[in-house]
Amino acid sequence: MKITINELRHDTCYFFYKQIRTIFFISIFIAFINLIIDVFVKPNIHIISIIENNNFINAHSLLELINSMSLEEKHELLKYSIFKIIESLMSKTVLLGSIIILISSVSNSEKKTIITSICSLFSFLPNLFILNFLSTIIIQIGFMLFIIPGVLLSITLSLSPIIFSFKKHGLIDSIRLSISISWRYIKIISPCILTWMFSKFILTVFLDHIHFLNKNILDLISNISMNILFSILIIYLFRFYMIFLRS
């Protein structure tokens, strides 16, 4: 069976519009949880001013900025950075797992109760979190070396959680197969990944120039929008892998 971008785009749009209420609910719920956590977990005032004023960008170097901090400020910044990384990974993992379970249930015509779906999600999350963690480290190393390796790694590792969700392969095998399949079908997978990255960039720039809304509201809008974009990406990749298995 030949896999085409047009077919995948059509299937993705069809599924998204059919399940739009569920996808919006999942995206909004995760965004609200993030917002609540951010409200209650804050670094000290000086760290907030550094982050909000983009001093990391304006400083001559990152090392210069860190060296100018006191030991307590360095400790607070490290704790806050680790917290934000874990929060981001957890949000991505829960969203990814939720959408994968939704697609699997709809594809298999299963009518799961909310309790059954939650149990399936929580049994799936720990290993999915580890997989996301490994993939994120590899991709970030690629971006640190240069932008192009980071983009290529984002493309070639994108299928790993989808492959892993079928429960036929372990973590490492899922990563290995993702690299192999994605590289083979890079012309089909890369447009979606690049569109997703570009959409995130445009959305971030646009929201950064809105000053008449409260910061928490902007963060909520940003998180919901990012979650929806990521959900669309997952649907596209999942549909690709389903067609790949049949071909």
Side-chain angles (χ1 to χ4, degrees), residues 1-31 88-112 114 117-118 120-121 124-125 127-129 131-132 135-136 139 151 154-169 174-175 177-178 181-182 184-203 222-247:
M1 183 184 296
K2 187 178 179 181
I3 307 174
T4 64
I5 293 177
N6 285 336
E7 181 185 4
L8 289 173
R9 189 189 299 120
H10 175 269
D11 290 351
T12 301
C13 291
Y14 178 78
F15 185 91
F16 178 76
Y17 286 123
K18 290 289 285 185
Q19 300 297 324
I20 192 166
R21 286 185 296 178
T22 307
I23 293 169
F24 263 83
F25 172 78
I26 293 170
S27 300
I28 292 169
F29 178 76
I30 294 173
S88 176
L89 276 172
M90 280 302 301
S91 299
K92 180 182 177 183
T93 302
V94 173
L95 177 61
L96 185 56
S98 301
I99 298 300
I100 284 174
I101 287 173
L102 172 64
I103 300 170
S104 300
S105 299
V106 173
S107 300
N108 297 326
S109 301
E110 297 176 356
K111 291 185 177 180
K112 290 186 176 181
I114 295 175
S117 299
I118 291 173
S120 300
L121 177 61
F124 180 44
L125 284 182
N127 287 329
L128 188 61
F129 179 83
L131 180 60
N132 272 334
S135 300
T136 301
I139 291 168
V151 173
S154 297
I155 294 168
T156 53
L157 292 173
S158 61
L159 285 176
S160 55
I162 311 297
I163 295 170
F164 181 72
S165 70
F166 280 75
K167 299 177 182 178
K168 294 181 180 179
H169 303 282
S174 297
I175 291 173
L177 280 170
S178 176
I181 297 169
S182 299
R184 183 176 161 193
Y185 289 93
I186 195 166
K187 290 183 178 179
I188 293 174
I189 293 176
S190 59
C192 186
I193 302 291
L194 294 174
T195 301
W196 170 64
M197 289 180 171
F198 181 71
S199 299
K200 283 174 60 180
F201 173 75
I202 294 297
L203 182 63
S222 176
N223 282 335
I224 293 171
S225 303
M226 294 294 184
N227 290 344
I228 291 170
L229 286 174
F230 190 53
S231 300
I232 294 170
L233 174 66
I234 298 165
I235 296 166
Y236 183 95
L237 293 174
F238 198 100
R239 181 57 183 160
F240 164 83
Y241 189 64
M242 287 179 68
I243 296 175
F244 169 79
L245 290 176
R246 295 173 190 167
S247 61

Minimum heavy-atom separation for [X] to [Y], with atom names?
X: Leu128; Y: Phe164; value: N-CE2, 4.1 Å
X: Leu96; Y: Pro161; value: CD2-CB, 3.4 Å
X: Lys187; Y: Ile5; value: O-CD1, 3.5 Å
X: Ile103; Y: Phe238; value: CG2-CD2, 3.3 Å
X: Ser165; Y: Ile100; value: CB-CG2, 3.5 Å

Summary of salt bridge (charged side-chain N to carboxylate O under 4.0 Å, His left out) pairs that have at least one residue in residues 226-238, sequence neighbours excluded: none

Result block: side-chain N/O donor-acceptor pairs under 3.5 angstrom for residues 225-234, not counting sequence neighbours:
unit_1 : atom_1 : unit_2 : atom_2 : d
Ser225 : OG     : Ile221 : O      : 2.8
Asn227 : ND2    : Ser27  : O      : 3.0
Asn227 : ND2    : Asn223 : O      : 3.2
Ser231 : OG     : Asn227 : O      : 2.7

Residue from Asp11, Ile188, Thr195 passing side-chain contact (heavy atoms from CB on, under 4.5 Å) with Tyr236: Ile188

Euclidean distance, Ser190 OG relative to Met197 CE, rounded to 0.5 Å: 10.5 Å

Spacing of Ile26 atom CD1 and Ile224 atom CD1 [to the nearest 0.5 Å]: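 If we round to the nearest 0.5 Å, Ile26:CD1 and Ile224:CD1 are 13.0 Å apart.
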
Over 12 foreign heavy atoms within 6.0 Å of CZ, Phe166: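 Result for CZ/Phe166: enclosed.
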
Donor-acceptor contact below 3.5 Å, side chain Ser178 vs main chain Ser160: yes

Parallel, tilted or perpendicular, as decided by the 30° and 60° cut-offs, for the rings of Tyr185 and Phe244: perpendicular

